[in-house]
Student: 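Okay, handing you the structure first.
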Amino acid sequence: MPFMKGREPIRRTLQYLKMGRLVLKDAVCVFSVNYNTYGSHHTGARDFVFWNIQQIQFRNPDVQVVTIKNKTPSPFVRCYFDDGRDIVIDIDSRNRDQIVEHLVKVVGKTRQQLDADARLAESKDNPANFGYGCERHCICEIPGQLPCPGTVPLPEEKRGKFIFAPK
């Protein structure tokens, strides 16, 4: 498979991307990580970017995720909100698991919010669906569609029996 090449290709699998625990609040517009590629106190930030940024992008498709390298003396995460505020979170000398835990507490959705979002997504029924368990049993109930051939016979020009029959 072509996507299974490079360093740690497991990061690009759908199963791994869905395992991300950080779902940002709806008010977060931009998620920025600032770190250096050298220095021992940046190790956790480097690991966080390497292992968790793809999960954050996958779980938060409406949030812009930015990584800024080699511009700061200490690593930090900055989140910009839709009302113009921003919050700076220090991730200096933390490992990647501690960073994820802290971000879930500070800018992540709570378990109740995630459950409510899941229930809302479940209950949302598409009006175009039809069949067993849907609002409409058959496509013939939708205005502009042909009636069921079981109740009203199709016109002869729509039936293959009459189109392909020798004359």
Side-chain angles (χ1 to χ4, degrees), residues 1-136 139 142-144:
M1 288 190 228
F3 68 91
M4 295 299 279
K5 294 180 181 177
R7 285 183 25 189
E8 301 297 339
I10 189 74
R11 296 178 300 153
R12 292 184 291 276
T13 61
L14 192 59
Q15 180 183 2
Y16 182 79
L17 292 174
K18 287 181 178 177
M19 284 178 14
R21 293 190 351 246
L22 180 58
V23 179
L24 298 172
K25 295 178 181 175
D26 293 331
V28 176
C29 292
V30 179
F31 181 85
S32 169
V33 182
N34 296 279
Y35 69 101
N36 289 340
T37 56
Y38 54 88
S40 61
H41 59 284
H42 290 266
T43 305
R46 284 193 301 268
D47 290 343
F48 172 74
V49 168
F50 184 79
W51 289 104
N52 297 98
I53 285 293
Q54 295 88 357
Q55 292 176 335
I56 293 171
Q57 288 175 326
F58 183 80
R59 296 290 304 261
N60 304 285
D62 296 330
V63 176
Q64 180 182 0
V65 178
V66 180
T67 58
I68 301 170
K69 292 193 244 181
N70 300 326
K71 299 276 186 197
T72 179
S74 62
F76 63 91
V77 172
R78 177 173 276 166
C79 295
Y80 296 92
F81 295 95
D82 55 2
D83 60 358
R85 296 180 301 122
D86 67 332
I87 183 171
V88 178
I89 301 164
D90 182 30
I91 57 173
D92 190 17
S93 299
R94 293 187 183 191
N95 63 26
R96 73 180 179 102
D97 296 325
Q98 292 173 337
I99 294 170
V100 170
E101 287 296 323
H102 188 67
L103 289 173
V104 166
K105 287 179 191 173
V106 176
V107 292
K109 286 185 178 179
T110 63
R111 178 59 55 200
Q112 292 82 13
Q113 288 174 324
L114 292 173
D115 292 341
D117 289 348
R119 269 187 268 113
L120 184 64
E122 274 180 11
S123 67
K124 194 184 297 183
D125 190 27
N126 190 345
N129 293 341
F130 63 91
Y132 181 74
C134 296
E135 188 177 326
R136 296 182 175 96
I139 195 167
I142 299 173

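What you see is a predicted model, and the numbers here were worked out from it, not measured in a lab.
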Student: Mind listing the closest non-hydrogen atom pair of P75 and D90 along with its distance?
Tutor: O-OD1, 3.3 Å
Student: Which value, rounded to the nearest 0.5 Å, describes the distance between I91 atom CD1 and F76 atom CZ?
Tutor: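 I91 CD1 to F76 CZ: 9.0 Å, rounded to 0.5 Å.
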Student: Return the set of residues passing side chain to side chain donor-acceptor pair (under 3.5 Å) with D115 (not counting sequence neighbours), or none when no residue passes.
Tutor: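 Scan of D115 (side chain to side chain donor-acceptor pair (under 3.5 Å), adjacent residues dropped) gives none.
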Student: Carefully, step by step, assess N70 and Y38 under the rule side-chain contact (heavy atoms from CB on, under 4.5 Å).
Tutor: CA-CA 8 Å; N70 300 326; Y38 54 88; 3.5 Å; yes
Student: Evaluate F31 against Q57 for side-chain contact (heavy atoms from CB on, under 4.5 Å), listing each step before the verdict.
Tutor: CA-CA 10 Å; F31 181 85; Q57 288 175 326; over 6 Å; no
Student: Going from CG on D62 to CG on D82, what distance comes out if it is rounded to the nearest 0.5 angstrom?
Tutor: 11.5 Å
Student: Check R21 against V100 and note the closest heavy-atom contact, atom names and distance.
Tutor: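 Of all heavy-atom pairs spanning R21 and V100, the closest is NH2-CG1, 3.8 Å.
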Student: We want to know whether D92 and S74 form a side-chain donor-acceptor pair, criterion being a heavy-atom distance below 3.5 angstrom.
Tutor: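 Result is no, nothing qualifies.
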Student: Measuring from atom CZ of R94 to atom NE2 of H42, what distance do you get when rounded to the nearest 0.5 angstrom?
Tutor: 14.5 Å
Student: Taking all non-hydrogen atoms of both residues, which atom of R12 and which atom of L17 are closest, and how far apart?
Tutor: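 Residues R12 and L17, closest heavy atoms: O-CD1, 4.4 Å.
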Student: For the residue pair F50 and R11, what are the closest heavy atoms and their distance?
Tutor: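 Where F50 meets R11 most closely, the heavy atoms are O-NH1, 2.9 Å.
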Student: Y80 ring centre to R85 NZ or CZ under 6.0 Å, with the angle to the axis within 45°?
Tutor: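 Relative to the ring axis of Y80, which defines the angle, R85 lies outside at least one limit.
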Student: Can you find a pair of side-chain heavy atoms, one from Y16 and one from Q55, that are under 4.5 Å apart?
Tutor: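 Yes, side chains in contact.
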Student: Are L22 and R59 close enough that some pair of their side-chain heavy atoms sits under 4.5 Å apart?
Tutor: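 Heavy-atom side-chain distance check fails, nothing below 4.5 Å.
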Student: Rounded at 0.5 Å granularity, tell me how far CZ in R46 sits from NE2 in H41.
Tutor: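 With rounding to 0.5 Å, CZ (R46) is 9.0 Å from NE2 (H41).
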Student: So which atom in I142 and which in R136 form the shortest heavy-atom distance, rounded to 0.1 Å?
Tutor: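 Closest approach of I142 to R136, heavy atoms only: CG1-CD, 3.4 Å.
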Student: Working note: T67 + Y35, criterion side-chain contact (heavy atoms from CB on, under 4.5 Å); need CA distance, chi angles, decisive distance, verdict.
Tutor: CA-CA 8 Å; T67 58; Y35 69 101; 4.3 Å; yes
Student: Using side-chain heavy atoms (C-beta onward) and a distance below 4.5 Å, is F81 in contact with I87?
Tutor: yes
Student: Looking at SG of C29 and CG of D83, how far apart are the two atoms once the value is rounded to the nearest 0.5 Å?
Tutor: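 Nearest 0.5 Å value for the SG-CG distance: 8.5 Å.
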Student: Do any side-chain atoms of residues 102-111 form donor-acceptor pairs under 3.5 angstrom with protein atoms, and if so which ones, sequence neighbours left out?
Tutor:
| unit_1 | atom_1 | unit_2 | atom_2 | d |
| --- | --- | --- | --- | --- |
| K109 | NZ | D26 | OD1 | 3.1 |
| K109 | NZ | D117 | OD2 | 2.7 |
| T110 | OG1 | Q113 | N | 3.3 |

Student: Taking side chain as C-beta onward, heavy atoms only, is F48 less than 4.5 Å from V33?
Tutor: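 A side-chain contact exists here, since the closest heavy-atom pair is under 4.5 Å.
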Student: Which atoms form the tightest heavy-atom contact between C79 and V28, and what is the distance?
Tutor: CB-CG1, 4.4 Å
Student: Does the side chain of T72 reach to within under 4.5 Å of the side chain of N36, using non-hydrogen atoms?
Tutor: yes
Student: With heavy-atom distances below 4.5 Å as the criterion, would you say the side chains of S32 and I68 are in contact?
Tutor: yes
Student: Are any of the side-chain heavy atoms of V65 and N60 separated by less than 4.5 Å?
Tutor: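 A side-chain contact is absent here, since even the closest heavy-atom pair is not under 4.5 Å.
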